[in-house]
Amino acid sequence: MPTPSRAPAPRGWLVKTEPDVYSIDDLKRDRTTGWDGVRNYQARNFMRDEMKKGDPVLIYHSNAEPPGIVGLATVSREGHPDPTALDPDDPHFDPKSDPANPRWIQVELRFKRKFGRLLPLADLRDDPDLVGMPLLQRGQRLSVQPVSPAHLERVLTLAGSPPSR
DNA sequence: GCCAACGTTGGC
DNA sequence: GCCAACGTTGGC
């Protein structure tokens with residue numbers, strides 16, 4: 001029998017940022033921002049190929065005390081060239097990127113909410129429901145990574161937020 | 001500040 | 001194409 005066509009399961013994401021550089025409060029202030037400066041091919045490919053408008057995005061503070069997940073955003077614009085790679089005055093300028101065929105991609109994120117409390121990395125590591133989450137894997141340092149629906153729901157529950165929407 | 005893990009670079 | 005050297009990330 002024919003399988004009814006069904007929308008693909010919504011994908012969740014997690015992005016890292018150093019709060020000294022750009023924090024959840026900065027995103028709240030700006031409301032939207034181009035997630036620029038990512039210079040890793042795997043992370044770029046997620047932004048270029050897989051992050052879709054409306055996808056939920058967890059915001060993670062790295063190099064913070066303590067490090068942890070601090071809030072939620074959404075993809076408000078899909079992959080497009082990262083202007084900082086083409087700007088010689090920008091610290092993320094990449095002279096090897098051809099302006100006619102830009103090498104680096106960003107998405108635009110829109111602030112959704114800041115959690116009432118930071119969810120510390122150490123606590124997430126201890127949560128049996130989060131086993132296998134890429135963030136928690138040893139030596140993992142991707143700054144853009146997928147989050148399964150189950151892990152996303154668990155994080156939102158820990159944050160005291162509704163599991164969807 | 002230390003250092004493990006990982007990605008990139010470049011000599012060969 | 002191998003791999004050592006180097007630079008970066010990021011927790012601790």
Side-chain angles (χ1 to χ4, degrees), chain A residues 11-30 33-51 55-75 79-109 111-148 150-152 154-161:
Chain A
R11 287 201 80 168
W13 304 95
L14 178 145
V15 298
K16 297 181 182 177
T17 184
E18 300 190 25
D20 290 348
V21 179
Y22 194 86
S23 73
I24 185 79
D25 293 315
D26 294 323
L27 180 59
K28 181 177 183 179
R29 175 200 64 213
D30 295 344
T33 195
W35 206 255
D36 59 30
V38 175
R39 297 292 179 268
N40 170 282
Y41 287 103
Q42 195 176 351
R44 179 207 61 183
N45 293 348
F46 282 137
M47 293 197 290
R48 185 188 61 191
D49 304 331
E50 300 196 47
M51 294 178 81
D55 282 356
V57 182
L58 297 170
I59 305 295
Y60 176 87
H61 279 178
S62 61
N63 268 324
E65 188 48 53
I69 301 175
V70 291
L72 182 70
T74 192
V75 177
H80 54 282
D82 174 350
T84 67
L86 304 172
D87 177 0
D89 294 329
D90 192 281
H92 292 113
F93 175 61
D94 180 359
K96 291 183 285 189
S97 180
D98 173 7
N101 185 20
R103 171 179 309 200
W104 301 112
I105 296 295
Q106 65 177 14
V107 294
E108 182 189 80
L109 299 184
F111 176 82
K112 293 290 276 190
R113 67 174 161 269
K114 181 181 178 179
F115 296 158
R117 64 185 188 98
L118 175 144
L119 306 178
L121 178 62
D123 292 0
L124 302 178
R125 288 195 191 284
D126 288 340
D127 191 320
D129 290 341
L130 294 178
V131 168
M133 189 177 184
L135 177 70
L136 309 180
Q137 279 162 22
R138 171 181 180 78
Q140 164 300 126
R141 26 176 241 194
L142 255 194
S143 63
V144 177
Q145 44 181 269
V147 178
S148 74
H151 289 161
L152 178 69
R154 177 60 177 157
V155 168
L156 294 179
T157 297
L158 291 171
S161 306

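Order of the sequence lines fixes the chain letters, A, B, ..., with proteins taken first and strands second; residue numbering starts at 1 for each chain. Keep in mind that what you see is a predicted model, and the values were worked out from it rather than measured.
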**Q** Is L130(A) close to V155(A) at the side-chain level, that is, under 4.5 Å between some pair of heavy atoms?
**A** yes
**Q** Could you measure the distance from the CG atom of L156(A) to the CZ atom of F115(A)? Nearest 0.5 Å is fine.
**A** 5.0 Å
**Q** In whole Å, I'd like the distance from the NE2 atom of H61(A) to the P atom of dC12(C).
**A** 17 Å
**Q** Figure out the CZ/C1' separation between R103(A) and dG7(B), and round it to whole Å.
**A** 14 Å
**Q** OP1, OP2 of dC6(B) versus side-chain N and O of Y41(A): anything below 4.0 Å?
**A** no
**Q** Reckon R39(A) touches a base, only the sugar-phosphate, or nothing at all at heavy-atom distances under 4.0 Å?
**A** nothing
**Q** Could you tell me whether D26(A) and R29(A) have a side-chain N and a carboxylate O separated by less than 4.0 Å?
**A** yes
**Q** Can you tell me how far C1' of dG11(C) sits from CD of E65(A), to the nearest Å?
**A** 10 Å
**Q** Please determine whether a side-chain nitrogen of the Lys or Arg among D94(A) and R39(A) lies less than 4.0 Å from a carboxylate oxygen of the Asp or Glu.
**A** no
**Q** Within this structure, what is the CG-to-P distance between L142(A) and dC6(B), rounded to whole angstrom?
**A** 11 Å
**Q** Could you check which of dC12(C), dT8(B), dG10(C) has an atom nearest any side-chain atom of N63(A)?
**A** dG10(C)
**Q** Figure out the CD/P separation between Q140(A) and dA4(B), and round it to whole Å.
**A** 18 Å
**Q** Tell me which nucleotide among dG7(B), dG11(C), dG10(C) gets nearest to the side chain of K16(A).
**A** dG10(C)
**Q** What is the distance from CG of N40(A) to P of dG7(B), rounded to the nearest Å?
**A** 7 Å
**Q** Rounded to whole Å, please give me the gap between CG in D94(A) and C1' in dG7(C).
**A** 15 Å
**Q** Rounded to whole angstroms, how far apart are CD on Q137(A) and P on dT9(C)?
**A** 20 Å
